[in-house]
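To start, the structure itself, in structure tokens.
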Amino acid sequence: MSLKGYEPCHDSKQVIDSIGYDAEADLENPTGSVFCSHGAGFLVSWDEVEKYMHTESREKLQNREQEASSVTAPENQVDEEELKAIFERTYGTIKRDRKPYQSSRTVHSMPQQMKKPKKQEHVEEYLLVDGYNIIFAWEDLRELSEVNLAGARGKLMDILCNYQGYKKNTVILVFDGYKVPGNPGEVIRYHNIYVVYTKEAETADQYIEKAVPVIAKKYHVSVATSDALEQRIILGQGAQRISAKDFLSEIQTTNRQMQEEHMRTSKGAKQYLFEGLPEEMAEFMDEVRMGRKEF
């Protein structure tokens with residue numbers, strides 16, 4: 001025998017009334033759901049869950065799939081029409097030339113401005129890093145934080161300084177300071193990057209969520225974090241999300257590129273005899289080389 005599962009009870013109302021069960025009063029099996037916002041959980045009543053959901057319910061997804069499958073138009077035809085509409089919005093109306101030698105070909109009339117494309121303007125790059133999220137996600141920094149948290153912060157700051165020096169972007173490293181009573185928050189300049197310590201009752205992800213839509217209006221913004229909820233929020237605000245794992249790979253790749261460029265530069269540099277010696281010693285060694293003096 002095997003358990004079939006649960007099915008609706010045909011006389012559920014009679015059963016509930018007979019035992020006097022009150023779902024709202026059942027604390028061991030609550031009817032509500034726990035949602036997470038800014039790192040803290042809060043309870044949502046069963047009848048208000050859909051207001052707070054970030055994803056659609058299984059029932060809605062199934063209904064959408066059924067509606068999509070009921071469309072009779074061929075998929076290729078829909079795609080072709082969409083591409084045609086996009087093309088016409090971008091390049092103008094499509095004209096078809098039915099000449100005898102190319103009766104089956106389509107000729108597109110290109111506007112004059114398409115022959116001379118405009119030069120794209122350089123958009124400044126901004127990178128926001130959730131400091132503690134990255135520290136606890138990278139193995140070497142996590143191990144260091146277990147011994148000395150300040151040392152892990154300093155090491156991450158130095159890593160980002162090297163990264164910024166190569167990428168020439170604006171790096172903003174954000175650390176949580178919300179647990180410090182009366183903390184007003186602080187922004188400091190550490191070499192070539194900015195380091196933010198959030199104010200009391202403000203977490204790093206809250207600060208990033210507020211900063212992203214402001215910066216993204218003018219600049220290209222990327223956020224390095226492995227917080228799934230934060231990634232979803234910043235993606236909707238126009239920023240590019242980078243997981244801690246992908247960001248570590250990016251850092252390692254950048255370090256290799258810097259080493260390769262340094263090696264190429266070093267090989268091409270000229271070195272002269274006695275160049276690193278003091279002036280008097282260099283003159284003496286030159287006299288020895290010419291045979292005019294001996295050791």
- Task: Can you establish whether the number of heavy atoms outside Gln252 located under 6.0 Å from its atom CD is more than 12?
- Result: yes
- Is there a donor-acceptor pair closer than 3.5 Å between any side-chain N or O of Arg189 and the backbone N or O of His191? yes
- Item | Heavy-atom pair of closest approach, residues Met157 and Leu173 | CG-CD2, 3.5 Å
- Going by atom types alone, do Ser249 and Asp246 pair a side-chain donor with an acceptor below 3.5 Å? no
- Between Val187 and Leu128, is there a shared hydrophobic cluster once you connect ILVMFWY residues whose side-chain heavy atoms come closer than 4.5 Å? yes
- What is the distance from atom CD of Glu250 to atom OH of Tyr163, rounded to the nearest 0.5 Å? 4.0 Å
- For the residue pair Tyr207 and Glu202, what are the closest heavy atoms and their distance? CA-OE2, 3.9 Å
- Looking only at heavy atoms, what is the nearest atom pair of Val15 and Cys9, with distance? CG2-SG, 4.3 Å
- Stepwise side-chain contact (heavy atoms from CB on, under 4.5 Å) test for Gln164 and Ile193: CA-CA 7 Å; Gln164 192 281 334; Ile193 68 173; 4.0 Å; yes
- Between the main-chain N or O of Gln14 and the side-chain N or O of Asp11, is there a donor-acceptor pair closer than 3.5 Å? no
- Query: According to a 4.5 Å side-chain heavy-atom criterion applied to Ile, Leu, Val, Met, Phe, Trp and Tyr, with indirect links allowed, do Tyr219 and Val196 form part of one hydrophobic cluster?
  - Reply: yes
- Give the intermediate values and the outcome of side-chain contact (heavy atoms from CB on, under 4.5 Å) for residues Tyr166 and Glu261. CA-CA 11 Å; Tyr166 186 79; Glu261 291 189 9; 3.0 Å; yes
- Out of curiosity, Ser145 OG to Lys155 NZ, how far, rounded to the nearest 0.5 Å? 11.0 Å
- Glu143 side chain to Asp140 main-chain N or O, any donor-acceptor pair under 3.5 Å? no
- Message: With a 3.5 Å distance limit and no angle check, can you tell me whether Lys218 reaches the backbone of Ile215 through a side-chain donor-acceptor pair?
- Response: no
- Side chain to side chain, Ile188 and Tyr194, heavy atoms closer than 4.5 Å: no
- Message: Quick check: is Ile159 connected to Val147 through a chain of hydrophobic side chains (ILVMFWY, heavy atoms under 4.5 Å apart)?
- Response: no
- Message: Let me confirm one number: the CD-OG1 distance from Glu186 to Thr198, rounded to the nearest 0.5 Å.
- Response: 11.5 Å
- Would you say the side-chain atoms of Arg256 and Thr253 include a donor-acceptor pair closer than 3.5 Å? yes
- Task: Measure from the side-chain N and O atoms of Trp46 to the backbone N and O of Ser33, and report whether any donor-acceptor pair falls under 3.5 Å.
- Result: no
- Note on the structure: When every non-hydrogen atom of Gly32 is compared with those of Leu43, the smallest separation belongs to C-CD1, 4.3 Å
- Message: Distance alone, cut at 3.5 Å: any donor-acceptor contact between the side chains of Asp158 and Tyr190?
- Response: yes
- side-chain contact (heavy atoms from CB on, under 4.5 Å) evaluation trace for Asp130 with Val174: CA-CA 5 Å; Asp130 190 335; Val174 185; 5.9 Å; no
- Query: More than 12 heavy atoms of other residues, nucleotides or ligands under 6.0 Å from NZ of Lys167: is that the case?
  - Reply: yes
- Query: For the hydrophobic clusters of this structure (ILVMFWY residues joined by side-chain heavy atoms under 4.5 Å, transitively), does one cluster hold both Val195 and Val171?
  - Reply: yes
- Item | Test side-chain contact (heavy atoms from CB on, under 4.5 Å) applied to Phe247 and Val223, step by step | CA-CA 10 Å; Phe247 188 46; Val223 178; over 6 Å; no
- Query: So, does Asn192 use its side chain to make a donor-acceptor pair with the main chain of Cys161 at under 3.5 Å?
  - Reply: yes
- Message: Given 3.5 Å as the limit, does a donor-acceptor pair link the side chain of Asn133 with the main chain of Thr225, or not?
- Response: no
- Approximate separation, where rounding is to 0.5 Å, of Phe136 CZ and Ser226 OG: 13.0 Å
- Message: Could you tell me if Ser222 and Glu125 have a donor-acceptor pair between their side chains, going purely by distance under 3.5 Å?
- Response: no
- How far does CG of Leu144 sit from CZ of Arg142, to the nearest 0.5 angstrom? 11.5 Å
- Task: Measure up the Phe175 and Tyr197 rings against each other and bin them: parallel (under 30°), tilted (30 to 60°), perpendicular (over 60°).
- Result: parallel
- Asn169-Tyr126 side chain donor-acceptor pair, cut-off 3.5 Å: no
- Quick one: pull up NE2 in His220 and CD in Gln240 and give me the separation to the nearest 0.5 Å. 5.0 Å
- Item | Shared hydrophobic cluster, Leu156 / Leu149 (ILVMFWY, side-chain heavy atoms < 4.5 Å) | yes
